[in-house]
Amino acid sequence: MADAETSCSLRQELCKGLIRENPTLVGLLGMCPTLAVTQEAKNALGMGIATTLVLIGSNVVISLLRRVIPQAVKLPCYIVIIAGFVTMVEFLLHGFVPELYTALGTFLSLITVNCIILGRAELFACKHTVIRSALDGAGMGLGFTLALLLVGSVRELFGAGTLFGISVMEQNAVSVLTLAPGGFFVLGCVIALVNRIAHREPPRTAGCTGCPNAATCAASKGGCSQ
Amino acid sequence: MNLLYVSPSPHTSSTMTTSRIMACVLVALMPTAIAGCLNFGLRAALVLFVSTASAVVYEGLCRVLMKREQTILDGSAAVTGLLLGLNLPATIPLWQVMIGSFTAIVLVKQLFGGLGQNFANPAIVGRIVMLISFSSAMTTWQAPHSDAVVSATPLVSGNASYWDLFLGNTAGCIGETCAAAILLGGLYLCLRGIVQPVIPAAFLGTAALCSLAAGDDPLYQLLAGGMLLGAVFMATDYVTTPVTTGGKVIFGIGCGLLTFVIRQYGGYPEGVSFAILLMNLVTPLIDRLTVVRPFGAVRQKQEAKDHA
Amino acid sequence: MRESIKAPLVLTVISAAVCGMLAFANALTADKIAQTEQAALQESLTQAFGEAEYTALPQQYEGIHQVIRDTDGRLIFDVTSSGYEKDGQHLLIGLDAEGAVCGICVVSIADSPTQAAKVQEDAFLSQFLGRQKATDAYDAIAGATKSAQGIQNAVNLVLETYQTNKEAMTHG
C-alpha cells in the first residue's frame, strides 16, 4: 500500500490532536473512559498517560509493519498489537503504581478497545511513516489526556470539593457532578466550549458568480454569505 | 406580531393562551405557598422567592443568549420555579436553590428548545438533581412553627395524625405538608378545565390500592410525603404527559405503582419524584401505543381481507 | 507467496511475537507485583490491627479470600462483599481469641463517596464489635442502605465460617 500524501509539517502532526482535531471533544471518540474515570483528576491524568503510551507504541509498530500486514487480517493484527501494549502497561502500573491500577480497574484493560487507538491505526499509521505516526499518536494521546484532565478537574473540583486530592471546597460540593448524570452535563458543556473555540472561523463570503440561486436570490443585491 | 393566520381547519379560537393557563396554575399554587409560609416562616417565603425569581432570570438570560424570542412573560418559568421551591425544605441554603433552578430551567427546558420541548418535568428533575447533589441539606427539614430541625418526615416516622397531615402540622418540604391547600388548588384547576382529574385519580388510586394490598394505611400513605403535590401539580404537566385519556390513565397507574415500589423496596423513603420522572421518559411510548383511530379509518389488514 | 497462506501466517507470527514480549514483560514484573500486593495487605493489617506477626492460613473457605492468624491468636478474614456494586467492598474483619468481632477495616470500597464515607464512620462500624453470632438485625444508615447491608453480610459470613470451622482455624 502506498503511503498517503500529506502536506502537514511535523509540528502540525503533533499539534492537530490537541484542540482542532481533539479525538474526544471534537471527534467524540473514547467517550467511555472519559465518563468513567474522570471522577478524580489524578485518575483522569493516569488514564490519559496510559492511553498515550499505548497509542504511541501501537502507532509506531503498526507503521513499521504497514507493508507487511495483508489487508485481509489487518484488523486482527492491529488488535493483537494494541492488546499487547495495553497488557504491558497494565503490568507496569500494577507493579509500580498500584494505586492507579486499582483506581482504573477494568478501564485499564478496556483501553484496548478505545476507538481512538484503533481509529488512528486504521486512518493514519497504516499509511504514513514511523515518525509521523509517532507524532500523530503523541498528539492524539495528549489531546485525549487534555480532555480527560479538563472534565476530571471540573468534576472533582465542583463535585467533591477537592483537586488532585487537595481539599478546596468540600463543604459546598455539588455531588451530582461525581455521578453519571453530572459527568454527562460536564462533558456536554466542555464539548460545546471547545468546539466553539476550535472552530471559530471567519465567515466566508462568496460572490454570486457560480451560485445556482443567483437569479432568484433576493440577497444577490447585497452579496450573500454562504 | 401576526394578526392574520393562515391555517388548515378546524378553525376554532379560544381565549386560552399559555400565559392565561400559567396564571391559573400560579393562582392554584397560592394556597399551598401561603400554607407553607405560614407553617415554616419567613425562610420558606425567601426560598420560594429565590427559586421563582432565579428561574425567571435564567429563562430570560437563556433566551437572550440563544437569540430567540423572549418567553419569560408566558409565566411558565415562574410556575417551574415556584413548584421547585415548594419541593424543597425551608432550611435549604439559597445557593443550592439556584443550582436546582438552573438545572430545571436551563438544562432540562431551554437547552432542549424551551416550552413544549422538555423531555421531563423540569421541576422534578431539578429536585432530583438537588437530592443527589445535596443529600444532607435535602433531607433535613424544619419542624412547623418552630426553629427545630428534624431528619425524618412523617412518612418515615409514621406517627402523625390525619388532622396534622391534612393541615400541614408536620415536618416536610414547604409545599408538600398541607394537604388541604393542595386539594383546594387542585379543585380550582379542575373546575377551570386546566387539568383533567384523570391522572391524579389514577395515580392516587393506584398508590392507595397498592398500599392496601401491602398492609399499610392507604390514607396515611396518600397524605404523608409529596404524593399529593406530585399527583396534582407535577404529574399533570401538559408537555411531559400523554395526550389521550387512555394514555393518561396508564401514566397515572404507572406513577402510582412506581411510587409504591420505590417507597416499599427502594432505598429512598420518598418515591414520587423518581416515579414521575420515569413515567415522563416513557410518555412518548405511551402516546404511540394509545394513538386514537381517526373516525372512519379502517385497519389496513381488514381492508386487504375485504378486497381479497 | 500465496495470498491465502500469507495472511494467516503473518497474523500467527505477529501474535507469537506479541505473546513472547508479554511473557518477557511478565517475567520482569511478576515479582514486583506480588511484592506490592503483599505490602498493601500488610499495611492494611497493621493499620487496622496493630503491629504483629501475621501468617496466612492455607485453608480456603467459601466467600473468603484468606484467613490470617496473628501471634495473639486473632483471626483476620479477608473478604469481599457486595455493597452498591457487586464485590465492591474489600474488608478485613478481625475476630479475637474468643471469636468476637474486634475490628473492621475497609481496605477499599467501590460505592460512591458519600456512601463510602458513611459506612466507614466509627458510629456505624462500632455496632459490630463484640458480636459473636451472625444476626439479621442491625442499624442501617439512611441513604447508604446497600453499602451498610454489604458490611452486615460480610460480618455474618465471617462469623458463620468461624463457627463451622473453629477447630481447624485455631489449631490448624
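Please read all numbers here as calculations on a predicted model, not as lab measurements. Lettering of chains follows the sequences in order, A, B, ..., and the numbering in each one begins at 1.
- Counting non-hydrogen atoms of neighbouring residues, nucleotides and ligands closer than 6.0 angstrom, the CG atom of B:L42 reaches no more than 12 such neighbours.
- Considering all non-hydrogen atoms of both residues, A:S175 and B:F134 come closest at OG-N, 4.3 Å.
- In A:F164, the CZ atom is crowded: over 12 heavy atoms of neighbouring residues, nucleotides or ligands sit closer than 6.0 Å.
- Among A:V176, A:V174, A:L179, the one residue that satisfies the side-chain contact (heavy atoms from CB on, under 4.5 Å) test with B:V129 is A:V176.
- Note: B:L111 CG to A:F185 CZ = 10.0 Å, rounded to the nearest 0.5 Å.
- When the shell of 6.0 Å around CD of A:E99 is examined, it contains 12 or fewer heavy atoms from other residues, nucleotides or ligands.
- Remark: B:F274 CZ is packed, more than 12 non-hydrogen atoms of other residues, nucleotides or ligands lying under 6.0 Å away.
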